[in-house]
Amino acid sequence: MSSKAKLFVVSAPSGCGKGTILAEVFKEKEVYYSVSCTTRKARDGEVDGVHYNFIDDKKFEEMIKNNEFLEHAGFVGNYYGTPKAKVEEMLDKGIDVILEIETQGAFQVKEAMPDSVLLFILPPSVKEIERRLNKRGTESQDVIAKRVSQAKGEIEKAYKYDYVIMNDALEDAVQDFNTVFESAKNDDSNADIFKASNRNTIKMIDEVLKNA
Ligand code: 5GP
């Protein structure tokens with residue numbers, strides 16, 4: 001069994017329910033959840049330093065210049081980035097780390113740290129994303145439309161991840177997430193059915209895109 005700490009990169013389109021899945025996962029696991037920096041305005045209920053470090057463009061650009069990010073990307077008009085120091089500190093201490101970031105950032109991490117594990121969470125359909133975003137009610141119709149269109153582009157990248165699971169029913173998604181997590185840690189084949197190279201996984205991504 002491998003005891004080396006792992007870096008997990010989780011991506012999912014907005015409104016995919018990844019926050020709910022991760023909250024369940026964190027109840028059982030001792031992992032460090034990396035708090036990103038963003039220039040997006042905080043939503044109601046979001047706490048600075050907990051959900052994100054909310055910073056302005058000037059500070060973000062300064063951090064880019066000082067090479068303080070493991071990765072960073074632009075997403076629907078704002079910057080998002082993972083501060084490098086804390087992630088490295090945790091991995092050095094032997095603590096697993098989870099980043100919850102979009103696809104451009106995920107591929108930057110894979111390039112910088114090839115041992116990282118990329119997991120994509122698929123929504124059952126793009127229509128379901130739209131429904132969940134409308135229900136959440138935290139964004140304007142204009143932003144929801146942009147996020148839905150962005151979601152399609154993100155799903156097309158799922159083929160390039162290490163693993164892909166679907167969030168159809170929460171309990172199943174949490175179980176699938178845990179299977180991938182443990183399998184990647186133990187370097188076994190228990191999660192091979194979720195590999196992006198698996199024929200059924202490819203079919204599942206095809207299906208979501210076909211109906212988008
Ligand atoms: P939201 O505005 O809904 O919180 O996040 C928008 C997107 O940015 C989501 O796909 C989320 O995963 C992604 N994101 C959050 N933090 C980071 C980060 O540090 N880096 C990158 N590249 N994406 C991030």
Side-chain angles (χ1 to χ4, degrees), residues 7-23 25-26 31-57 59-64 66-88 90 97-113 116-123 126 128-158 160-161 164-165 167 173 177:
L7 177 59
F8 289 88
V9 182
V10 181
S11 301
S14 327
C16 197
K18 63 184 174 270
T20 320
I21 297 176
L22 289 176
V25 168
F26 292 143
V31 283
Y32 171 70
Y33 176 78
S34 162
V35 180
S36 297
C37 294
T38 184
T39 57
R40 159 167 90 56
K41 296 272 168 293
R43 296 184 189 124
D44 276 355
E46 283 184 331
V47 180
D48 190 26
V50 176
H51 297 96
Y52 281 106
N53 295 309
F54 294 99
I55 61 177
D56 61 18
D57 280 30
K59 171 79 181 153
F60 201 103
E61 280 158 12
E62 217 173 85
M63 288 179 73
I64 297 176
N66 294 337
N67 199 22
E68 290 179 56
F69 288 119
L70 175 57
E71 61 71 38
H72 64 87
F75 184 90
V76 191
N78 288 296
Y79 280 131
Y80 294 80
T82 305
K84 189 158 51 179
K86 195 79 188 171
V87 170
E88 288 177 348
M90 290 296 160
V97 175
I98 293 187
L99 310 181
E100 190 257 277
I101 63 177
E102 52 68 73
T103 54
Q104 305 164 71
F107 297 132
Q108 288 175 40
V109 174
K110 189 72 174 179
E111 201 162 308
M113 302 171 87
S116 57
V117 178
L118 267 52
L119 168 67
F120 195 95
I121 304 177
L122 272 181
V126 173
E128 179 60 17
I129 290 186
E130 201 169 355
R131 194 189 68 78
R132 288 182 191 167
L133 284 176
N134 275 304
K135 189 166 161 234
R136 187 166 85 186
T138 50
E139 264 95 6
S140 65
Q141 285 304 311
D142 177 45
V143 172
I144 289 178
K146 282 191 188 134
R147 280 179 178 253
V148 169
S149 127
Q150 183 86 20
K152 293 177 197 163
E154 295 252 301
I155 294 167
E156 282 166 8
K157 311 268 167 51
K160 293 200 202 138
Y161 275 59
V164 181
I165 62 170
N167 184 19
F177 186 105

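In this text, all values refer to a predicted model and were calculated from it rather than measured experimentally. Start at 1 and go down the list; that is how both ligands and their atoms are numbered.
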Looking at E128 and R132, is there a salt bridge between them, counting it only when a charged N and a carboxylate O are closer than 4.0 Å?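 Looking at E128 together with R132, the answer is yes, because their closest N to O distance falls below 4.0 Å.
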Between R40 and E46, does any side-chain N to carboxylate O distance fall below 4.0 Å? yes
Of H72, E61, K59, the one forming a side chain to side chain donor-acceptor pair (under 3.5 Å) with Y79 is E61
Would you check if V25 and V31 make a side-chain contact, meaning some heavy-atom pair closer than 4.5 Å?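 A side-chain contact is absent here, since even the closest heavy-atom pair is not under 4.5 Å.
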Please name the residue in the list V109, I98, T103, L119 that meets the side chain to side chain contact (heavy atoms under 4.5 Å, CB included) test with V9.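 So, applying the side chain to side chain contact (heavy atoms under 4.5 Å, CB included) to V9 and each of V109, I98, T103, L119, only V109 qualifies.
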Separation between SG (C37) and OH (Y80), nearest 0.5 Å, reads 12.5 Å
Close residues (non-hydrogen atom under 4.0 angstrom from ligand 1) work out to A12, K18, S36, R40, R43, Y52, E71, A73, F75, Y80, G81, T82, E100, I101, E102, G105, R147
